Amino acid sequence: MPRSDRNGPGTRSEPDAKRSDRRRPHSIRFSDSEWSLIERAAGRHGIAVGELVRSSAVAAAEDRLGEPPPVTLSKGHAALIEEIYRIVYVMGTFERDRLLGEERGAKLDAIVAAARRTMAQTMDEGPA
């Protein structure tokens, strides 16, 4: 999905969390032929001209600066992540207790070390 199609601050229907993120009008000049082209593109994609200009400008700025777009999660996604975490925690606790009960502490240490390495790689934090 192009960056300009992603939801970012202010592109969803709910109000922005930060007052400073509120949109304010700004002026920009286009020739008649440029504006006509922009209107046709917006119409073809079924979006407002302002949204096309805004999302395209933000995507171009992100690309030129090499900055990823801000990540936003819906309340539903955040709740799903939390629920998955809880399930994994409970399963991990049961498996830990089972391994310790079988006196397999070395196996548990290896699993924990592998999990830490994976987390560090995923979070781009270097070796664990």
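Keep in mind the model is a prediction, meaning the values are calculated, not measured.
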Can you give each donor-acceptor pair under 3.5 Å made by side-chain atoms of residues 104-113, sequence neighbours left out, with the distance rounded to 0.1 Å?
residue, atom, partner, partner atom, Å
Arg104, NH1, Glu102, OE1, 3.3

Side-chain atoms of residues 39-49: list all donor-acceptor pairs with protein atoms under 3.5 Å, sequence neighbours left out, distances to 0.1 Å.
residue, atom, partner, partner atom, Å
Glu39, OE2, Trp35, NE1, 3.1

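A side-chain donor-acceptor contact under 3.5 Å links Ser55 to the backbone of Glu51.
Here the shortest heavy-atom pairing between Arg24 and His26 reads O-CD2, 3.0 Å.
Cluster partners of Ile84 are Leu80, Val88, counting Ile, Leu, Val, Met, Phe, Trp and Tyr whose side-chain heavy atoms approach within less than 4.5 Å, directly or via other members.
Among residues at least two apart or in separate chains, side-chain hydrogen bond (donor to acceptor under 3.5 Å, both in side chains) pairs with a member in residues 87-97 are Glu95-Arg98.
Taking the side-chain contact (heavy atoms from CB on, under 4.5 Å) definition, one finds that Ser31 meets it with Ser33, Glu34, sequence neighbours left out. In this structure Arg86 satisfies the salt bridge (charged side-chain N to carboxylate O under 4.0 Å, His left out) test together with Glu82, Glu83, sequence neighbours excluded.
Ile28 and Leu37 are not part of a single hydrophobic cluster, where members link through side-chain heavy atoms under 4.5 Å apart.
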